[in-house]
Amino acid sequence: MNGQTFILRVENARPRMKAAWDFACRFLELGESAKVRVEECKPRRTLEQNAKMWAMLGDIADQVEWQIDGKLEYLKPEEWKDILTAGLRKHQRVAAGIDGGFVILGDHTSGMTIGQMSELIELAYAFGAEHGVVWSEPMERAA
């Protein structure tokens, strides 16, 4: 049987705690041990942060050429996300490509906390300032 994560919030603590207890009991009933771990659950990025990030990535994609395989080209917002999330780390992770070459692994922003997402947005602002990016607002890009 696989484990499961239960997120407890003020508004749902009692029923979620009961669900966690019931789940642990299923292991015990099978004669298995269960591990219970409690840790702070930091809130994940906000929808506003996500919208801002994608607007910024779009602005960078529209305005900045980047060196790829020895030539300058415009990248997609998703590719800029990979570059910036990899840049947010103090250490880049590099994987071998399936057919050769290398892939730099960035972070998934969906799992970032509000603080981490703020750091990514600040990094994008700094990068944009160095490259003359003119920022639009998220709602302008969505229209």
Side-chain angles (χ1 to χ4, degrees), residues 1-27 30 32-143:
M1 181 162 42
N2 290 329
Q4 188 171 343
T5 300
F6 296 86
I7 306 294
L8 307 177
R9 292 189 173 79
V10 173
E11 66 273 7
N12 73 1
R14 288 187 186 275
R16 296 297 292 159
M17 185 64 89
K18 171 139 179 31
W21 171 255
D22 292 343
F23 188 77
C25 286
R26 290 187 2 211
F27 280 92
L30 293 172
E32 300 292 333
S33 298
K35 176 178 171 180
V36 177
R37 182 173 155 181
V38 178
E39 60 187 32
E40 179 184 10
C41 182
K42 295 183 179 181
R44 297 290 179 214
R45 63 155 192 216
T46 67
L47 294 176
E48 292 80 14
Q49 284 179 310
N50 192 54
K52 183 172 197 61
M53 175 198 66
W54 282 107
M56 294 177 82
L57 292 171
D59 289 339
I60 293 169
D62 291 344
Q63 299 173 45
V64 177
E65 287 184 293
W66 201 246
Q67 185 105 358
I68 303 293
D69 294 331
K71 64 178 180 166
L72 290 176
E73 62 182 77
Y74 289 97
L75 302 175
K76 298 176 193 171
E78 297 83 5
E79 294 168 319
W80 278 111
K81 180 176 159 281
D82 291 338
I83 290 171
L84 288 172
T85 58
L88 191 61
R89 294 176 181 242
K90 302 299 181 217
H91 166 75
Q92 276 72 45
R93 294 173 57 215
V94 179
I98 293 173
D99 291 324
F102 296 97
V103 179
I104 294 178
L105 305 174
D107 283 333
H108 295 282
T109 56
S110 59
M112 287 186 175
T113 65
I114 290 172
Q116 290 168 324
M117 194 65 161
S118 292
E119 290 177 26
L120 179 61
I121 289 169
E122 287 302 314
L123 176 63
Y125 272 131
F127 178 85
E130 291 174 2
H131 293 86
V133 173
V134 177
W135 304 112
S136 65
E137 293 299 315
M139 296 310 290
E140 292 174 357
R141 290 198 67 80

Separation of [Y] [atom2] from [X] [atom1] (nearest 0.5 Å):
| X | Y | atom1 | atom2 | value |
| --- | --- | --- | --- | --- |
| T85 | M53 | OG1 | CE | 9.0 Å |
| K18 | N12 | NZ | CG | 15.0 Å |
| R16 | F23 | CZ | CZ | 11.0 Å |
| I60 | L84 | CD1 | CG | 5.0 Å |

Residue pair R45 / T113, side-chain heavy-atom distance below 4.5 Å: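 Side chain of R45 against side chain of T113, heavy atoms only: no contact under 4.5 Å found.
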Whether D59 side chain and S136 backbone form a donor-acceptor pair below 3.5 Å: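 Yes; at least one donor-acceptor contact below 3.5 Å.
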For the student: nearest non-hydrogen atoms of A34 and F27, plus distance: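 Between these two residues, the closest heavy atoms are CB-CB, 4.0 Å.
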Over all atoms of both residues, closest heavy-atom pair of Q116 and L88: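 Where Q116 meets L88 most closely, the heavy atoms are O-CD2, 4.0 Å.
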L30 atom CG: more than 12 heavy-atom contacts under 6.0 Å: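 More than 12 heavy atoms, drawn from other residues, nucleotides or ligands, come within 6.0 Å of this atom.
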Please list every donor-acceptor pair under 3.5 Å in which a side-chain atom of residues 117-130 meets a protein atom from a residue at least two apart or in another chain.
{"unit_1": "S118", "atom_1": "OG", "unit_2": "Q49", "atom_2": "NE2", "d": "3.1"}
{"unit_1": "S118", "atom_1": "OG", "unit_2": "I114", "atom_2": "O", "d": "3.1"}
{"unit_1": "Y125", "atom_1": "OH", "unit_2": "K52", "atom_2": "NZ", "d": "2.7"}

Under 3.5 Å, which donor-acceptor pairs link side chains of residues 64-81 to any protein atom two or more places apart or in another chain?
{"unit_1": "E79", "atom_1": "OE1", "unit_2": "K76", "atom_2": "N", "d": "2.7"}

Lys/Arg-Asp/Glu bridge criterion (N-O < 4.0 Å) met for D22, R26: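 Answer for the salt bridge query: no.
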